[in-house]
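A short worksheet on the structure shown next.
A note on names: the letters A, B, ... follow the listed sequences, proteins ahead of strands, and every chain is numbered from 1. Quick note: numbers below take in every heavy atom, side chains included, and nothing from hydrogens, waters or symmetry partners. As the structure is a computational prediction, the values presented were derived from the model and not from experiment.
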Amino acid sequence: MPRLTPADASLILDHVVGDPSTPAAAANALLAELPFPSRPTRRLLRSVLLRRLGSDPVSPAALDTLQLLASLPTPAPAIAAAHLAVAAFLAASAPDFDAAAGALFARPDGRARRAVDEGGDPALVSPEAVAVADQFEAAVGNAFSQSVLRGLWGGRAAAEERVRELLVAEWAAIGPSQLEVAAERIVGDGAVETWRAAEESIRAKYRMLAGEERAREILSRLEEPTSNVNPISTPEVHKVLDALKSSCADLHSAVEDPLPAAKAAADEVLAARMDKAVDINAEEVNNQAASCSAAAGPSALNNQGEASRKGTLSSLMDWNSTARTFQWEDSLDPEGSRSQSHIPHLPSPRRNQVSPLQLADNKAKRRRARKWSSVEEETLRKGVDQFGSSNWKDILIHNPDVFIGRTAVDLKDKWRNMMR
DNA sequence: TATTGGGCTAACT
DNA sequence: AGTTAGCCCAATA
């Protein structure tokens with residue numbers, strides 16, 4: 001067995017840690033075991049930050065993580081709201097408001113001030129954020145303003161909700177792993193061009209990776225343009241070719257595809273290494289590969305024509321749209337929820353100056369229904385086994401990386417549905 | 001505050 | 001029109 005090279009370790013970490021359905025315990029064990037790449041992929045870097053944020057969503061450390069996340073390319077729009085909510089909560093909930101608000105929002109060097117003011121990170125800079133920073137700055141030494149700001153921003157749950165919304169959006173947009181991209185090139189939709197450019201010796205390797213059935217499919221598509229002009233393409237030749245193809249197909253239908261079994265074996269090895277059993281079966285892994293990126297992963301080829309694939313892809317759409325559902329319902333526009341409901345917006349300065357009491361009028365908007373993934377269902381089953389069917393909160397907090405955006409009531413409702 | 005059962009609604013068949 | 005999954009609400013302990 002060859003030694004694991006740093007490049008291999010990087011591929012594995014990129015693929016597994018970057019997969020949102022990989023449980024925290026498994027991701028952490030892998031991160032502890034394998035050398036962390038000196039030049040990690042963006043996906044790996046992002047997923048490590050997201051996992052850190054998920055385990056500690058509202059704290060000074062979380063503010064650091066948010067600022068790091070904002071500096072990565074194309075952060076989710078929700079990051080501005082999450083960053084502002086965490087910073088404002090830290091100031092509003094501090095025992096010493098003046099000290100905390102000053103350290104965070106005072107010009108020019110407050111931690112949050114530097115991030116949201118001109119020259120800060122573009123993902124965090126906005127007039128709204130600056131307005132809030134101004135309010136906190138101005139409230140230093142002003143007891144009345146402080147009490148107003150405490151009412152507006154002092155709720156940990158609200159700040160955490162903003163962070164959770166960000167996590168959902170970020171995980172949904174994390175994109176395919178390097179392995180998935182490579183697999184897509186070799187066996188996915190882009191395979192024909194890759195194979196066309198490859199020499200015979202390289203194609204032989206591709207055949208091993210793709211499996212014979214898929215390899216024949218790709219090669220047949222590759223040969224199509226030339227076979228049309230083949231001078232010996234006669235009806236007799238076609239007859240023989242068809243006979244060959246069908247006998248070949250018979251042969252292959254009798255031989256089991258080794259890939260799913262290999263995946264299952266790999267999962268077992270992984271599970272055995274975890275303190276906590278992580279027995280995701282091969283089918284689950286397939287689902288995850290499809291749901292963590294729009295590109296067909298290496299395993300997609302084993303499931304071609306499977307009807308459920310469509311369901312998985314549509315749930316991916318749900319996931320995305322949910323990721324952009326913001327519950328910051330302070331819009332003064334009575335029709336604001338119609339067309340731009342997916343565009344995050346921060347509380348306007350104007351809105352922030354009214355009494356917190358008026359917030360009571362705001363009715364929370366219904367969350368968009370998001371289909372439960374098979375990983376969530378499986379985790380719920382195990383949770384009920386472990387904690388019983390009336391400890392939803394326990395199940396939830398022991399699986400924060402799986403139940404992203406779910407509440408204890410959601411778990412209860414899902415269980416009720418599963419028991420029907 | 002967590003759990004619970006009834007009720008609502010969008011998305012299906 | 002009927003069914004279902006996911007979510008919300010309000011009562012309860």
Side-chain angles (χ1 to χ4, degrees), chain A residues 20-21 54 57-58 78 89 92-93 150-151 153-169 171-172 283-284 287-288 290-292 294 305-331 334-344 356 358-420:
Chain A
S21 58
V58 183
F89 169 77
S93 63
R150 280 188 205 275
W153 297 97
R156 170 179 285 272
E160 188 166 336
E161 182 65 18
R162 298 290 90 73
V163 175
R164 297 282 171 211
E165 284 167 0
L166 170 68
L167 287 172
V168 168
W171 279 118
E283 186 198 326
E284 301 272 352
N287 284 336
Q288 293 155 21
S291 62
C292 74
E306 186 182 321
S308 68
R309 191 64 41 219
K310 278 184 181 157
T312 310
L313 287 176
S314 74
S315 72
L316 170 67
M317 300 302 288
D318 292 346
W319 178 266
N320 256 321
S321 49
T322 307
R324 289 172 175 275
T325 299
F326 289 80
Q327 297 187 334
W328 218 306
E329 292 302 306
D330 69 334
S331 173
E335 298 184 6
S337 62
R338 198 184 62 243
S339 56
Q340 314 115 307
S341 63
H342 64 287
I343 300 172
Q358 293 188 19
L359 290 177
D361 292 341
N362 278 342
K363 248 178 83 181
K365 203 173 122 189
R366 192 183 176 90
R367 290 178 295 163
R368 172 151 185 185
R370 182 158 53 84
K371 198 164 160 40
W372 278 63
S373 71
S374 51
V375 177
E376 286 178 304
E377 289 177 350
E378 189 50 39
T379 307
L380 182 57
R381 275 193 207 96
K382 284 183 190 148
V384 170
D385 281 347
Q386 192 179 350
F387 297 101
S389 61
S390 60
N391 292 300
W392 310 110
K393 196 77 186 172
D394 284 333
I395 299 173
L396 184 68
I397 61 181
H398 278 83
N399 300 279
D401 47 330
V402 175
F403 299 124
I404 295 172
R406 307 289 187 194
T407 67
V409 176
D410 291 338
L411 268 56
K412 178 266 301 177
D413 287 332
K414 178 61 186 177
W415 187 249
R416 176 170 59 178
N417 273 335
M418 287 166 71
M419 290 300 100
R420 282 211 244 258

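OP1 or OP2 of C:dA5 has not a single side-chain nitrogen or oxygen of A:Lys414 nearer than 4.0 Å. Between A:Arg406 and the phosphate of C:dC7, there is a side-chain N or O to OP1/OP2 separation shorter than 4.0 Å. Here A:Arg367 reaches the OP1 or OP2 of C:dC8: one of its side-chain N or O atoms lies under 4.0 Å away.
Note: CH2 (A:Trp372) to P (B:dA10) measures 21 Å, nearest angstrom. One can place NZ of A:Lys412 at 8 Å from P of B:dG5, the figure rounded to the nearest angstrom. Per the geometry, CZ belonging to A:Arg416 stands 12 Å off P belonging to C:dG6, to the nearest Å. If you measure from atom CZ of A:Phe387 to atom P of B:dT3, you get 12 Å, rounded to the nearest angstrom. For the pair A:Arg368 CZ and B:dA10 C1', the computed distance is 10 Å after rounding to whole Å. Atom CH2 of A:Trp415 is separated from atom P of B:dT4 by 13 Å (rounded to the nearest Å). A:Phe403 places its CZ atom 13 Å from the P atom of C:dG6, with the value rounded to the nearest Å. Atom CH2 in A:Trp392 sits roughly 13 Å away from atom C1' in B:dG5 (whole-Å rounding).
The shortest distance between side-chain heavy atoms of A:Asp413 and A:Val409 falls below 4.5 Å. A:Arg406 places a side-chain heavy atom less than 4.5 Å from the side chain of A:Leu411.
Here the nucleotide nearest the side chain of A:Asn417, chosen from C:dC8, C:dG6, B:dA11, is C:dG6. Taking every side-chain heavy atom of A:Asp410 into account, C:dC7 is the closest of C:dG6, C:dC7, B:dT3. Closest approach to the A:Lys393 side chain among B:dT4, C:dG6, B:dA2 is made by B:dA2 (side chain taken as heavy atoms from C-beta onward).
Taking the ring axis of A:Trp415 as reference, the NZ or CZ atom of A:Arg381 does not stay both within 45° of it and closer than 6.0 Å to the ring centre.
Under the 3.5 Å distance criterion, the side-chain polar atoms of A:Arg150 are left unmatched by any main-chain donor or acceptor of A:Ser93.
Looking at A:Arg420, its side chain has no donor and acceptor atom pair within 3.5 Å of the base of C:dG6. Residue-to-nucleotide contacts include a donor-acceptor pair under 3.5 Å from the side chain of A:Arg366 to the base of C:dC7.
Applying side-chain contact (heavy atoms from CB on, under 4.5 Å) to A:Phe403 and the options A:Asp410, A:Ile397, A:Ile395 leaves one that passes, A:Ile395.
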